[in-house]
**Q** 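Here it is, the structure, as C-alpha coordinates.
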Amino acid sequence: EKGGYDYFMLKEIAEQPKAVADTLLGRIGTDGRLTLDELRISDADLRQVDKVVIVACGTAFHAGMIAKYAIEHWTRIPCEVEVASEFRYRDPIMGPGTLVIAISQSGETMDTLMALRHAREQGAKVLAICNTNGSTIPRESDAVLYTHAGPEVAVASTKAFLTQLVACYLVALYLGQVRGTKWGDEILAVIKELGDAPTLIEQVLETMEPVRELARGLADARSVLFLGRHVGFPVALEGALKLKELAYMHAEGFAAGELKHGPIALIEEGLPVAVVVPTHRGCTVLHDKIVSNIQEIRARGARTIVIAEEGDEAVVPYADHLIRTPATPTLLQPLVSTVPLQVFACELATAKGHEVDQPRNLAKSVTVE
Ligand code: M6R
(Lines give C-alpha, C1' and ligand atoms only; values in the text may rest on other atoms or scores of the structure.)
Protein backbone atom coordinates (compact mmCIF):
# COMPACT_ATOMS: atom_id res chain seq x y z
CA GLU A 1 0.00 0.00 0.00
CA LYS A 2 3.03 2.29 0.27
CA GLY A 3 3.45 1.83 -3.47
CA GLY A 4 7.07 0.73 -3.20
CA TYR A 5 8.10 3.59 -0.91
CA ASP A 6 9.55 2.97 2.57
CA TYR A 7 7.16 5.47 4.14
CA PHE A 8 3.77 6.94 3.37
CA MET A 9 5.33 10.37 3.68
CA LEU A 10 7.71 9.68 0.79
CA LYS A 11 4.83 8.38 -1.29
CA GLU A 12 2.70 11.40 -0.48
CA ILE A 13 5.51 13.84 -1.33
CA ALA A 14 5.89 12.07 -4.67
CA GLU A 15 2.15 12.23 -5.30
CA GLN A 16 2.05 16.02 -5.11
CA PRO A 17 2.02 16.75 -8.85
CA LYS A 18 -1.02 14.51 -9.24
CA ALA A 19 -2.73 15.85 -6.11
CA VAL A 20 -2.35 19.40 -7.40
CA ALA A 21 -3.53 18.41 -10.90
CA ASP A 22 -6.58 16.64 -9.44
CA THR A 23 -7.44 19.67 -7.34
CA LEU A 24 -7.31 21.88 -10.43
CA LEU A 25 -9.26 19.43 -12.58
CA GLY A 26 -12.49 20.80 -14.01
CA ARG A 27 -12.05 24.14 -12.29
CA ILE A 28 -10.30 26.03 -15.10
CA GLY A 29 -12.60 26.53 -18.10
CA THR A 30 -11.53 26.39 -21.75
CA ASP A 31 -11.80 30.20 -21.83
CA GLY A 32 -9.12 30.39 -19.12
CA ARG A 33 -11.61 31.53 -16.47
CA LEU A 34 -12.49 29.67 -13.28
CA THR A 35 -15.74 27.79 -12.76
CA LEU A 36 -16.44 26.96 -9.13
CA ASP A 37 -20.16 26.11 -9.39
CA GLU A 38 -19.76 23.68 -6.50
CA LEU A 39 -19.15 26.60 -4.10
CA ARG A 40 -22.81 27.03 -3.16
CA ILE A 41 -22.23 30.72 -2.43
CA SER A 42 -23.66 32.84 -5.23
CA ASP A 43 -21.52 35.30 -7.18
CA ALA A 44 -23.89 38.01 -5.89
CA ASP A 45 -23.06 37.05 -2.29
CA LEU A 46 -19.35 36.90 -3.10
CA ARG A 47 -19.55 40.45 -4.42
CA GLN A 48 -20.91 41.55 -1.02
CA VAL A 49 -18.00 40.11 0.95
CA ASP A 50 -16.22 42.92 2.79
CA LYS A 51 -13.85 40.90 4.93
CA VAL A 52 -12.28 37.45 4.81
CA VAL A 53 -11.17 35.65 7.96
CA ILE A 54 -9.21 32.41 7.68
CA VAL A 55 -9.07 29.93 10.54
CA ALA A 56 -6.98 26.75 10.60
CA CYS A 57 -4.34 24.88 12.62
CA GLY A 58 -0.77 23.78 12.04
CA THR A 59 0.13 23.27 8.43
CA ALA A 60 -3.34 24.34 7.28
CA PHE A 61 -2.76 27.63 9.13
CA HIS A 62 0.38 28.17 7.05
CA ALA A 63 -1.70 27.67 3.91
CA GLY A 64 -4.05 30.32 5.30
CA MET A 65 -1.18 32.76 5.85
CA ILE A 66 -0.21 32.39 2.20
CA ALA A 67 -3.85 32.81 1.16
CA LYS A 68 -3.94 36.19 2.88
CA TYR A 69 -1.24 37.55 0.57
CA ALA A 70 -3.14 36.25 -2.46
CA ILE A 71 -6.62 37.38 -1.38
CA GLU A 72 -5.58 40.89 -0.45
CA HIS A 73 -3.52 41.35 -3.61
CA TRP A 74 -6.01 39.99 -6.13
CA THR A 75 -9.28 41.06 -4.53
CA ARG A 76 -8.38 44.04 -2.30
CA ILE A 77 -10.69 42.56 0.36
CA PRO A 78 -9.13 42.83 3.83
CA CYS A 79 -8.15 39.37 5.05
CA GLU A 80 -7.19 38.17 8.51
CA VAL A 81 -5.78 34.78 9.35
CA GLU A 82 -5.73 33.27 12.77
CA VAL A 83 -4.96 29.97 14.45
CA ALA A 84 -8.37 28.45 15.09
CA SER A 85 -7.71 27.82 18.79
CA GLU A 86 -7.32 31.56 19.43
CA PHE A 87 -10.14 32.80 17.27
CA ARG A 88 -13.35 32.49 19.25
CA TYR A 89 -11.85 33.38 22.59
CA ARG A 90 -11.03 36.95 21.65
CA ASP A 91 -14.52 38.07 20.65
CA PRO A 92 -13.72 38.57 16.95
CA ILE A 93 -15.75 41.08 14.93
CA MET A 94 -17.85 39.54 12.17
CA GLY A 95 -20.91 40.50 10.21
CA PRO A 96 -23.03 39.34 7.28
CA GLY A 97 -20.32 40.51 4.86
CA THR A 98 -17.65 38.37 6.53
CA LEU A 99 -16.53 35.25 4.71
CA VAL A 100 -14.81 32.83 7.05
CA ILE A 101 -12.63 30.20 5.39
CA ALA A 102 -11.91 27.13 7.50
CA ILE A 103 -9.03 25.04 6.14
CA SER A 104 -8.65 21.44 7.28
CA GLN A 105 -7.27 18.29 5.72
CA SER A 106 -9.17 15.91 8.00
CA GLY A 107 -12.30 17.99 8.42
CA GLU A 108 -12.39 16.83 12.05
CA THR A 109 -10.01 19.21 13.81
CA MET A 110 -11.90 20.34 16.90
CA ASP A 111 -10.24 23.75 17.21
CA THR A 112 -11.22 24.59 13.64
CA LEU A 113 -14.72 23.20 14.08
CA MET A 114 -15.34 25.29 17.20
CA ALA A 115 -14.05 28.40 15.42
CA LEU A 116 -16.42 27.90 12.49
CA ARG A 117 -19.38 27.23 14.79
CA HIS A 118 -18.63 30.49 16.53
CA ALA A 119 -18.40 32.31 13.20
CA ARG A 120 -21.76 30.99 12.04
CA GLU A 121 -23.38 31.96 15.33
CA GLN A 122 -22.16 35.50 14.67
CA GLY A 123 -23.83 35.54 11.24
CA ALA A 124 -20.75 35.00 9.06
CA LYS A 125 -20.78 32.65 6.05
CA VAL A 126 -18.30 29.80 6.29
CA LEU A 127 -16.50 28.20 3.38
CA ALA A 128 -14.58 25.01 4.17
CA ILE A 129 -11.48 23.95 2.27
CA CYS A 130 -11.24 20.28 3.09
CA ASN A 131 -9.73 17.02 1.86
CA THR A 132 -12.17 14.57 3.45
CA ASN A 133 -15.54 14.11 1.84
CA GLY A 134 -18.50 14.39 4.15
CA SER A 135 -16.42 15.11 7.27
CA THR A 136 -17.75 17.33 10.05
CA ILE A 137 -16.20 20.67 9.02
CA PRO A 138 -17.67 20.72 5.49
CA ARG A 139 -20.99 19.38 6.80
CA GLU A 140 -21.26 22.27 9.22
CA SER A 141 -20.15 24.93 6.72
CA ASP A 142 -22.26 26.95 4.26
CA ALA A 143 -20.08 25.86 1.37
CA VAL A 144 -17.11 23.67 0.62
CA LEU A 145 -14.30 23.52 -1.87
CA TYR A 146 -12.74 20.08 -1.71
CA THR A 147 -9.05 19.48 -2.23
CA HIS A 148 -8.39 16.26 -4.13
CA ALA A 149 -5.15 15.14 -2.53
CA GLY A 150 -6.47 11.63 -1.91
CA PRO A 151 -6.00 9.99 1.49
CA GLU A 152 -3.07 11.40 3.46
CA VAL A 153 -1.79 8.78 5.89
CA ALA A 154 1.49 10.22 7.20
CA VAL A 155 0.93 12.45 10.21
CA ALA A 156 3.04 15.21 8.67
CA SER A 157 0.98 16.97 6.06
CA THR A 158 2.55 17.35 2.62
CA LYS A 159 0.27 16.81 -0.38
CA ALA A 160 -2.71 18.12 1.57
CA PHE A 161 -0.81 21.36 2.13
CA LEU A 162 -0.04 21.92 -1.55
CA THR A 163 -3.65 21.23 -2.49
CA GLN A 164 -4.85 23.60 0.25
CA LEU A 165 -2.69 26.25 -1.37
CA VAL A 166 -4.27 25.50 -4.74
CA ALA A 167 -7.76 25.75 -3.24
CA CYS A 168 -6.87 29.06 -1.58
CA TYR A 169 -5.52 30.43 -4.85
CA LEU A 170 -8.69 29.29 -6.62
CA VAL A 171 -10.88 31.08 -4.07
CA ALA A 172 -8.75 34.22 -4.25
CA LEU A 173 -8.68 34.24 -8.04
CA TYR A 174 -12.39 33.47 -8.24
CA LEU A 175 -13.23 36.32 -5.87
CA GLY A 176 -11.09 38.56 -8.06
CA GLN A 177 -12.82 37.27 -11.18
CA VAL A 178 -16.40 37.80 -9.96
CA ARG A 179 -15.61 41.18 -8.47
CA GLY A 180 -13.69 42.38 -11.53
CA THR A 181 -10.69 43.93 -9.79
CA LYS A 182 -8.11 45.95 -11.65
CA TRP A 183 -5.92 42.87 -11.66
CA GLY A 184 -8.09 41.16 -14.30
CA ASP A 185 -5.23 40.51 -16.73
CA GLU A 186 -2.91 39.32 -13.99
CA ILE A 187 -5.62 36.99 -12.71
CA LEU A 188 -6.02 35.36 -16.13
CA ALA A 189 -2.24 34.96 -16.46
CA VAL A 190 -1.96 33.42 -13.01
CA ILE A 191 -4.81 30.96 -13.67
CA LYS A 192 -2.82 29.78 -16.64
CA GLU A 193 0.37 29.45 -14.60
CA LEU A 194 -1.51 27.56 -11.91
CA GLY A 195 -2.33 24.98 -14.56
CA ASP A 196 1.43 24.48 -15.06
CA ALA A 197 2.09 23.86 -11.34
CA PRO A 198 2.02 20.03 -11.51
CA THR A 199 4.84 20.05 -14.09
CA LEU A 200 6.89 22.48 -12.01
CA ILE A 201 6.46 20.40 -8.84
CA GLU A 202 7.53 17.34 -10.83
CA GLN A 203 10.68 19.21 -11.86
CA VAL A 204 11.47 20.03 -8.23
CA LEU A 205 11.03 16.40 -7.19
CA GLU A 206 13.51 15.31 -9.85
CA THR A 207 16.27 17.47 -8.38
CA MET A 208 16.04 16.50 -4.71
CA GLU A 209 19.11 14.27 -4.32
CA PRO A 210 21.43 17.11 -3.18
CA VAL A 211 18.77 18.15 -0.63
CA ARG A 212 18.67 14.62 0.77
CA GLU A 213 22.45 14.54 0.96
CA LEU A 214 22.50 17.88 2.76
CA ALA A 215 19.84 16.65 5.23
CA ARG A 216 21.81 13.51 6.05
CA GLY A 217 24.86 15.65 6.75
CA LEU A 218 22.87 17.75 9.24
CA ALA A 219 21.49 14.88 11.31
CA ASP A 220 23.57 15.98 14.30
CA ALA A 221 22.71 19.68 14.12
CA ARG A 222 21.16 21.03 17.32
CA SER A 223 18.94 23.58 15.65
CA VAL A 224 17.93 24.84 12.22
CA LEU A 225 16.46 28.27 11.50
CA PHE A 226 14.21 29.13 8.56
CA LEU A 227 13.81 32.64 7.19
CA GLY A 228 11.53 34.05 4.53
CA ARG A 229 9.85 37.20 3.32
CA HIS A 230 6.42 37.71 1.77
CA VAL A 231 4.90 34.29 0.95
CA GLY A 232 8.30 32.80 1.77
CA PHE A 233 7.66 33.63 5.44
CA PRO A 234 4.84 31.08 5.92
CA VAL A 235 6.90 28.62 3.87
CA ALA A 236 9.73 29.12 6.39
CA LEU A 237 7.29 28.43 9.25
CA GLU A 238 6.14 25.28 7.47
CA GLY A 239 9.74 24.11 6.96
CA ALA A 240 10.40 24.57 10.68
CA LEU A 241 7.19 22.78 11.68
CA LYS A 242 8.07 19.77 9.54
CA LEU A 243 11.48 19.53 11.17
CA LYS A 244 10.05 19.80 14.69
CA GLU A 245 7.44 17.14 14.02
CA LEU A 246 9.69 14.65 12.29
CA ALA A 247 13.22 15.19 13.55
CA TYR A 248 12.29 16.33 17.11
CA MET A 249 14.79 19.08 16.60
CA HIS A 250 14.69 22.72 17.58
CA ALA A 251 13.61 24.60 14.49
CA GLU A 252 12.22 28.10 14.21
CA GLY A 253 10.84 30.13 11.35
CA PHE A 254 11.09 33.91 11.19
CA ALA A 255 10.19 36.74 8.87
CA ALA A 256 13.66 37.70 7.64
CA GLY A 257 12.96 41.35 8.44
CA GLU A 258 12.54 40.41 12.10
CA LEU A 259 16.12 39.14 12.34
CA LYS A 260 17.51 42.45 13.49
CA HIS A 261 14.78 42.71 16.13
CA GLY A 262 16.11 39.75 18.07
CA PRO A 263 16.66 36.41 16.35
CA ILE A 264 19.99 37.45 14.84
CA ALA A 265 21.42 36.94 18.33
CA LEU A 266 20.89 33.19 17.78
CA ILE A 267 23.28 33.04 14.85
CA GLU A 268 26.54 31.32 15.72
CA GLU A 269 29.32 29.59 13.82
CA GLY A 270 28.00 26.72 11.73
CA LEU A 271 24.27 27.17 12.51
CA PRO A 272 22.26 25.96 9.52
CA VAL A 273 19.84 28.64 8.31
CA ALA A 274 17.49 27.96 5.40
CA VAL A 275 16.34 31.07 3.56
CA VAL A 276 13.32 31.08 1.25
CA VAL A 277 14.03 33.81 -1.29
CA PRO A 278 11.11 35.57 -2.99
CA THR A 279 11.09 35.69 -6.80
CA HIS A 280 13.65 38.17 -8.05
CA ARG A 281 11.44 39.39 -10.87
CA GLY A 282 8.54 40.14 -8.51
CA CYS A 283 9.53 42.89 -6.10
CA THR A 284 13.17 43.79 -6.48
CA VAL A 285 13.27 45.84 -3.27
CA LEU A 286 12.06 42.84 -1.30
CA HIS A 287 14.54 40.61 -3.06
CA ASP A 288 17.45 42.97 -2.35
CA LYS A 289 16.48 43.00 1.31
CA ILE A 290 16.61 39.24 1.65
CA VAL A 291 19.96 39.13 -0.13
CA SER A 292 21.34 41.48 2.52
CA ASN A 293 19.76 39.33 5.24
CA ILE A 294 21.65 36.34 3.85
CA GLN A 295 24.88 38.36 3.83
CA GLU A 296 24.30 39.45 7.43
CA ILE A 297 23.78 35.96 8.81
CA ARG A 298 26.64 34.51 6.81
CA ALA A 299 29.00 37.19 8.09
CA ARG A 300 28.09 35.95 11.58
CA GLY A 301 28.96 32.35 10.79
CA ALA A 302 25.64 30.85 9.61
CA ARG A 303 25.75 27.98 7.15
CA THR A 304 23.30 29.25 4.57
CA ILE A 305 20.90 26.99 2.71
CA VAL A 306 19.33 29.18 0.06
CA ILE A 307 16.13 28.24 -1.75
CA ALA A 308 15.89 30.51 -4.77
CA GLU A 309 14.32 30.42 -8.20
CA GLU A 310 16.28 29.59 -11.32
CA GLY A 311 18.02 32.59 -12.79
CA ASP A 312 18.43 34.37 -9.45
CA GLU A 313 22.18 34.98 -9.55
CA ALA A 314 22.35 37.59 -6.77
CA VAL A 315 22.15 34.94 -4.03
CA VAL A 316 24.90 32.72 -5.43
CA PRO A 317 27.91 34.32 -3.65
CA TYR A 318 26.25 33.95 -0.24
CA ALA A 319 24.82 30.44 -0.51
CA ASP A 320 26.73 27.61 1.13
CA HIS A 321 24.06 25.35 -0.32
CA LEU A 322 21.83 26.45 -3.17
CA ILE A 323 18.50 24.79 -3.88
CA ARG A 324 16.91 25.87 -7.13
CA THR A 325 13.17 25.99 -7.82
CA PRO A 326 11.52 26.77 -11.17
CA ALA A 327 10.39 30.33 -11.84
CA THR A 328 6.75 31.03 -10.91
CA PRO A 329 4.61 34.12 -10.34
CA THR A 330 5.52 35.57 -6.92
CA LEU A 331 2.36 34.45 -5.13
CA LEU A 332 2.52 30.88 -6.47
CA GLN A 333 6.10 30.27 -5.36
CA PRO A 334 5.14 28.30 -2.21
CA LEU A 335 3.88 25.50 -4.48
CA VAL A 336 7.49 24.81 -5.43
CA SER A 337 9.55 26.23 -2.54
CA THR A 338 7.83 24.09 0.13
CA VAL A 339 8.76 20.80 -1.54
CA PRO A 340 12.53 20.86 -0.79
CA LEU A 341 11.75 21.64 2.86
CA GLN A 342 9.45 18.60 3.10
CA VAL A 343 12.14 16.39 1.57
CA PHE A 344 14.77 17.92 3.86
CA ALA A 345 12.78 17.22 7.05
CA CYS A 346 11.81 13.72 5.99
CA GLU A 347 15.38 12.74 5.09
CA LEU A 348 16.91 14.30 8.19
CA ALA A 349 14.43 12.50 10.45
CA THR A 350 15.06 9.21 8.68
CA ALA A 351 18.82 9.71 9.07
CA LYS A 352 18.21 10.09 12.80
CA GLY A 353 16.37 6.78 12.75
CA HIS A 354 12.90 8.20 13.37
CA GLU A 355 9.64 6.70 12.16
CA VAL A 356 8.44 9.54 9.96
CA ASP A 357 4.88 8.38 9.40
CA GLN A 358 4.02 8.24 13.10
CA PRO A 359 6.03 10.87 14.98
CA ARG A 360 5.92 10.63 18.76
CA ASN A 361 3.12 12.42 20.64
CA LEU A 362 1.20 13.33 17.47
CA ALA A 363 -2.09 12.17 15.96
CA LYS A 364 -3.20 12.58 12.37
CA SER A 365 -6.47 14.13 13.35
CA VAL A 366 -6.72 16.24 16.50
CA THR A 367 -10.30 15.88 17.72
CA VAL A 368 -9.90 17.57 21.08
CA GLU A 369 -9.66 21.26 21.80
O1 M6R B 1 -6.69 18.03 9.53
P2 M6R B 1 -6.23 19.44 9.68
O3 M6R B 1 -5.74 20.02 8.40
O4 M6R B 1 -7.30 20.32 10.31
O5 M6R B 1 -5.03 19.38 10.69
C6 M6R B 1 -4.42 20.55 11.16
C7 M6R B 1 -3.12 20.25 11.83
O8 M6R B 1 -3.32 19.42 12.96
C9 M6R B 1 -2.10 19.60 10.90
O10 M6R B 1 -1.86 20.36 9.77
C11 M6R B 1 -0.77 19.35 11.62
O12 M6R B 1 -0.14 20.56 11.92
C13 M6R B 1 0.14 18.44 10.77
N14 M6R B 1 0.63 17.35 11.57
C15 M6R B 1 1.31 19.17 10.18
O16 M6R B 1 2.16 18.36 9.47
Side-chain angles (χ1 to χ4, degrees), residues 7-13 15-16 19 23 54-67 81-88 100-117 119 126-141 144-168 226 234-249 251-253 334 338-339 341-346 348-349 354-369:
Y7 302 103
F8 279 107
M9 187 175 176
L10 290 172
K11 175 173 177 265
E12 290 162 6
I13 288 173
E15 282 170 351
Q16 293 185 110
T23 301
I54 303 176
V55 290
C57 304
T59 288
F61 170 68
H62 297 151
M65 285 181 75
I66 293 165
V81 49
E82 189 158 3
V83 283
S85 55
E86 286 296 317
F87 180 67
R88 73 178 172 134
V100 172
I101 304 179
I103 310 174
S104 174
Q105 187 285 130
S106 62
E108 302 296 345
T109 300
M110 190 56 76
D111 285 317
T112 310
L113 181 61
M114 297 311 273
L116 84 82
R117 282 186 184 157
V126 177
L127 165 66
I129 289 179
C130 185
N131 194 46
T132 312
N133 259 305
S135 54
T136 312
I137 287 173
R139 273 195 280 114
E140 293 206 15
S141 299
V144 54
L145 188 67
Y146 279 109
T147 50
H148 298 300
E152 190 179 64
V153 177
V155 165
S157 187
T158 54
K159 62 175 181 170
F161 176 68
L162 290 202
T163 60
Q164 282 161 355
L165 288 180
V166 170
C168 289
F226 294 79
V235 172
L237 296 180
E238 175 61 7
L241 178 63
K242 286 278 127 12
L243 207 55
K244 287 174 204 166
E245 282 189 288
L246 300 169
Y248 316 150
M249 188 187 255
E252 214 63 61
T338 306
V339 178
L341 302 183
Q342 299 168 338
V343 172
F344 179 77
C346 185
L348 201 152
H354 297 168
E355 156 57 271
V356 292
D357 286 340
Q358 287 289 341
R360 68 182 182 200
N361 307 338
L362 293 173
K364 181 64 184 161
S365 167
V366 185
T367 52
V368 289
E369 254 192 292

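As a basis for the values below, the full set of heavy atoms in this structure was taken, side chains included, without hydrogen atoms, waters or symmetry mates. For ligands, and for the atoms within them, numbers begin at 1 and follow the listed sequence. Count residues from 1 along the sequence.
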**Q** With a cutoff of 4.0 Å, is Ala156 in contact with ligand 1, counting heavy atoms of the residue only?
**A**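 Yes, Ala156 has heavy atoms under 4.0 Å from ligand 1.
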**Q** Should you measure from each heavy atom of Thr109, which atoms of ligand 1 turn up under 4.0 Å away?
**A**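 Selected atoms, number and element: 1 (O), 2 (P), 4 (O), 5 (O).
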**Q** First locate atom NZ of Lys242, then atom OG1 of Thr158, and finally report the distance between them rounded to the nearest 0.5 Å.
**A**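 Reported value, rounded in 0.5 Å steps: 7.5 Å.
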**Q** Checking side-chain polar atoms at under 3.5 Å, does Ser157 have a donor or acceptor matched by the opposite partner on Lys364?
**A**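 Checked: Ser157/Lys364 side chains show no N/O donor-acceptor pair below 3.5 Å.
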**Q** Using a 4.0 Å cut-off to any heavy atom of Ser157, which atoms of ligand 1 qualify?
**A**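 What qualifies from ligand 1 is 15 (C), 16 (O).
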**Q** By the side-chain hydrogen bond (donor to acceptor under 3.5 Å, both in side chains) test, which pairs, at least two apart or in different chains, include something from residues 159-168?
**A**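 Listed once each, the pairs are Glu15-Lys159.
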**Q** Between Thr367 and Glu108, is there a side-chain donor-acceptor contact under 3.5 Å, judged purely by atom types and distance?
**A**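 The answer is no; no qualifying pair exists.
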**Q** Not counting sequence neighbours, which residues clear side chain to side chain contact (heavy atoms under 4.5 Å, CB included) with Cys168? List them please.
**A**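 Once residues adjacent in sequence are excluded, the partners of Cys168 under the side chain to side chain contact (heavy atoms under 4.5 Å, CB included) criterion are Ala67, Ile103, Ile129.
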**Q** Which of the atoms in ligand 1, numbered in the order shown and given with their element, are less than 4.0 Å from a heavy-atom of Ala60?
**A**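 Matching atoms, with element in brackets: 3 (O), 10 (O).
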**Q** Please identify which atoms of ligand 1 are closer than 4.0 Å to at least one heavy atom of Gly58.
**A**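 With Gly58 as reference, the close atoms of ligand 1 come out as 12 (O).
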**Q** Which protein heavy atom lies closest to atom 1 (O) of ligand 1, and at what distance to 0.1 Å?
**A**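 Atom 1 (O) of ligand 1 sits closest to the protein heavy atom Ser106 OG, 2.7 Å.
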**Q** In terms of atom number and element, which parts of ligand 1 are under 4.0 angstrom from non-hydrogen atoms of Ser104?
**A**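 It comes down to these atoms of ligand 1: 1 (O), 2 (P), 3 (O), 4 (O).
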**Q** What residue and atom, counting heavy atoms only, is the protein's closest point to atom 7 (C) of ligand 1, and at what distance?
**A**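 The protein heavy atom lying closest is Cys57 O, 3.6 Å.
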**Q** Of all the atoms in ligand 1, which lie at a distance below 4.0 Å from a heavy atom belonging to Glu245?
**A**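 This gives 13 (C), 14 (N), 15 (C), 16 (O) as the contact atoms.
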**Q** Could a heavy atom of Val155 be found less than 4.0 Å from some atom of ligand 1?
**A**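 For ligand 1, residue contact (heavy atoms, under 4.0 Å) with Val155 is present.
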**Q** Answer yes if the side chains of Gln342 and Gln16 hold a donor-acceptor pair under 3.5 Å, and no otherwise.
**A**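 Gln16 and Gln342 do have a side-chain donor-acceptor pair below 3.5 Å.
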**Q** Among all protein heavy atoms, pick the one closest to atom 8 (O) of ligand 1 and tell me residue, atom and distance.
**A**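 Answer for atom 8 (O) of ligand 1: Val366 CG2, 4.2 Å.
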**Q** Name the option, out of Lys364, Gln105, His62, Glu152, that contains the heavy atom nearest to atom 3 (O) of ligand 1.
**A**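 Ranked by closest heavy atom to atom 3 (O) of ligand 1, first place is Gln105.
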**Q** Salt bridge or not for Glu82 and Arg88, using N-O below 4.0 Å?
**A**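 Salt bridge: no.
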**Q** List the closest protein heavy-atom neighbour of atom 15 (C) of ligand 1: residue, atom name, distance to the nearest 0.1 Å.
**A**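 Closest protein heavy atom to atom 15 (C) of ligand 1: Thr59 OG1, 3.0 Å.
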**Q** Contact between Lys242 and ligand 1, counting heavy atoms under 4.0 Å?
**A**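 For ligand 1, residue contact (heavy atoms, under 4.0 Å) with Lys242 is present.
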**Q** Measure the spacing between CD of Gln358 and OH of Tyr7 and express it to the nearest 0.5 Å.
**A**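 OH of Tyr7 is found 12.5 Å from CD of Gln358.
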**Q** Can you tell me how far CG of Leu246 sits from SG of Cys346, rounded to the nearest 0.5 angstrom?
**A**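 One gets 6.5 Å once the value is rounded to the nearest 0.5 Å.
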